[in-house]
Amino acid sequence: MTRRPGTSVVVRVALRLVPAAWRDAVASDLAEEAARHRRGRAWVVWQAALAALRLRPAMFVDGMRADLRHVWRAWRRTPWMAAAAIATFALGIGVNVAMFAAVDRMLFRSLPYQDSDSLVMLQLCASGGCGGAFPKDLAYRLRSSRTVADVATAGFSGPFGRSADDQSPVRLMEVSPNLLRVLGVAPLLGRGVTDAEVDGDGAYAWLAYDVWRTKFGADPQIVGRRLWSANGGAVILGVLPRRFIPPVLFGSPATWDGLVTARRGWSSISADGGGSVAAPIARLKPGVSIDEARAEAGALMTSLHPSMREQVEVQPAERWLFRRYRQQLWIVAMPSLLILALACVNLAALLLLRSRAAARTAAVQVALGASPGRIVKIALLESALVCVAGGAMGLATMGAAYRWLVAYVPALFVRNAESFVSPRILAVAGGTAVVAALLAGVLPAWRLTRTDVRVLLSESSRQGSRGRGGQWLLAAETAIGCLLVLGALFTARSLVALMTEDLGLRTDGLYAVWATPDQLPRSVPEDYQDSLTRTVASALTAWPGVHAVTRAEVVPFSPEAPPRSFSGDLRRSGRYQMEASAFDVLGMRVLAGRTFTVDEATAHAPVVVLSESAAHMLWPGTPIADVVGWEWQPAGESSRTVIGVVHDIKTSYGGGEQPTIAAFVPMGSEKRTFAKVIVRTSAGPPDTKALATRLAEDLGPVRVSITTPSADADASLTEPRFRGGLFVIMGGVALLLLCAGLYAAAGAQVDERRFDTGVRLALGASRASVSRGVIAHVLIPVCLGATVGLAGAYLAAHLADAFLYQVSSHDPGSYAAVAAVMVILTAAGAWWPARRAGRTNPLDVLRAL
Amino acid sequence: MPLGEVEQLVMLAVLRLGDGAYAVPVRELIEAEAGVAVSRGTIYVTLERLEGKGFVTSWFSEPEAVRGGKARRHYRLKPAGLKALDDSQRGLERLAKGTVVARGRAGRS
């Protein structure tokens, strides 16, 4: 007997590359040809590899086609199931991809600054927390320190118009002139500011990329154009890169349309003058650690301000910049992730239920020689098709609905969102679909491979296969559902609490008026704003439809500079200058004592009206009526007589950064004022053009802008409304999916136990007890899932506290309500199958034997 | 279902070889008679697909009487395959009939 090339190890290994179905035939053919043409092993190996290279892809494609046809036929038999599964995945993947596009840049990517690792944020922190104000002289000294290369700052936004009568001005964030240099950011268009420009009196602006495109029509000649503002306007120097993020810790990064800088500006870091700047950003010198910078800044702080107890905190900008939003972003992303998890579990449960029905077919296929691998492949293919179809549908729907969605999504997300068609987002969508397909398909596939053909075929036709996999999935579905429903309940209650919030003042019919002369005096006196607002108020007194006019530093829902605080322990306090009539015009409620008289206001008398919280905080346990007449002396200031106590006012919704105590002093008590003219009308806002014409008589050419606190209040609810809406929608979807899952699980249970049910009924069991048994079958996993879900929610609830208003995340009533909803849902979902089980005719069952 | 050029060649070879049709002689016959060099892999894939379409049937012969000898995979045309081949051939003939005048024109020019 001769030895042929086909028997050597190398050849055998090469032949392993050939699909099993062809291996013997290829081996035989190659052996024959090798013998006939005197070819060696190398030739056989090479030919075997070539044959494998041709056969493998072809057979894979053919096999895939056959499997797809198989899956298609299976889905056509149960179209409702396919539609429901695809719709669920469209929602799950679509929402997740949209959410990822919105939060990607804030959560997962480096800041768009050069060498962002060496950038740090500086803050003053005390035991009560960190503040937004940073001593200007300390920032200045740090610029020439051993550890810090440079310090820059970005502050609050102000309106700038494209022309004198622009009714929708852009909001430019005031920054120090060196900000772009410190960040290492070059403008996309135009240039940075030169030293000569910094030393001059001018102001210079850079527009955000999207603002340049939308509000300025992507004008390539934008550089050099002038913007108008209360302080004399600014020259546009350029356009910022597309994904630029301003380095601000406080205030929403969304409330800016560009940057503005001026040597005389509030954010300018100079040696002259005291005061403070917003939490600055600094670039450390090469090789300097954060601890070294912190130590040096602390030493400088002690030498400059020995009486201040606050510590300088130095933290990496990379970690801190979105720190305030990071938790919120996760809270918002959470329902999307949960709904995708729910979609996966739901699909797995549906596939599992179907796999039980198909178990007999699978067993026969395996018995006839089908490989378990192919059975798994079909199950995975089935879930993959659902995920891909759902993902594509979700992506297309979200893309098409983008313009509509933008109106309901907070500006923070819109401004920082990544494009839907970017390779990164598409890759995430694809990856999500693949992972979801695997998650949903693995359990049903695994169960199919465990099908024991002998057991299954030896069972009588009356009994189906029984598995606990479905019950575990139902429990998981319930746990996820509980989290979503609880989230919906909390956010909805929080939103209602915000919308019905007692602000302590009335915003309806209230308007705040700004007048900005085109030409400011060369040197602006300290009382300039005071006399300007006096002129505007005087003009508005006789204006048609205007009931009352006043001047106050309280401007509800205005993103302008916040009130000044008292020093010492009262850092989270607000000091507002008010005219005597301001309390009435703003609709503030007096709880004890009185407000200023006109004489007191005119004479800048040393009196003060406190808010209710201020009175309680300053004199704990004392009734507020007793406080009236007492003397109050803030640290480092002269004493004031408390003449009244008013209801707490809120100039924005929720707790947030509201001053914990508020004190109202007569207008003119301070040299400078940030007062605005407030009018209450019944005929809408005053006509800006007519008012500008009237004011021109006294002030020369002037630009008038009017804000509506009630509209601003509504806009400030965008974020909680979005959060609440998202959770409520997802909670509703979760309940629907859960109901469908319960119905399917109970239905499958009824079908599987039809014979047992028939026998029990024949032996005298009542129909009610049979129905109860079906409900109990699904109630057990639901109770288990609800317990796990609610316990998990309770443990993680503190994470949501910062986003809930007047709602406790550990409120036992809410947890009980969700548990009750789950029980009712179980009864509702299982009722119809239970009723069907109770109506089983024992004779029909026994006849079918 | 229309047949491709390689499919027609393979089916004609299988038909001509009768019970002795397996990949090696099929390939050699095509090369010798039609003058077309077809790779071994292409022959295998074509036979696989023809069997999937139900045009040919295969069976394994007894293993060769040598050490490590393998069984050959033989093919035979099924009635459906024969009909598909006939239909394909007739289609080609019909198409060719219409080219007589054109051939004359092409020959003159």
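As a basis for the values below, the full set of heavy atoms in this structure was taken, side chains included, without hydrogen atoms, waters or symmetry mates. Quick note on labels: first sequence line is chain A, next is B, and so on, each numbered from 1.
Between B:Tyr75 and A:Trp22, the two ring planes are parallel [angle under 30°; tilted spans 30° to 60°].
A:Asp29 places none of its side-chain heavy atoms less than 4.5 Å from the side chain of B:Arg73. A:Leu395 places none of its side-chain heavy atoms less than 4.5 Å from the side chain of A:Ile93.
Heavy atoms closer than 4.5 Å to chain B are found nowhere in A:Val18, neither backbone nor side chain. Using a 4.5 Å cut-off between heavy atoms, A:Arg36 contacts chain B through its side chain alone, with no backbone atom that close. Residue A:Asp24 touches chain B through both its backbone and its side chain, counting heavy-atom pairs closer than 4.5 Å. In this structure, chain A has no heavy atom under 4.5 Å from any part of B:Ser61. The part of B:Arg40 that comes within reach of chain A is its side chain, from C-beta onward, which places non-hydrogen atoms under 4.5 angstrom from that chain. When heavy atoms are compared at a cutoff of 4.5 Å, B:Ala71 approaches chain A solely by way of its backbone atoms N, CA, C and O.
In this model, no donor atom of one side chain and acceptor atom of the other lie less than 3.5 Å apart for B:Thr46 and B:Glu7.
Side-chain N or O atoms of B:His74 include none that pairs as donor or acceptor with a backbone N or O of B:Gly20 at under 3.5 Å.
Salt bridge status for A:Arg54 with B:Glu48: absent, with no side-chain N to carboxylate O gap under 4.0 Å.
Ranked by heavy-atom pairs under 4.5 Å with chain B, the first of A:Ala66, A:Ala51, A:Ala25, A:Ala52 is A:Ala25.
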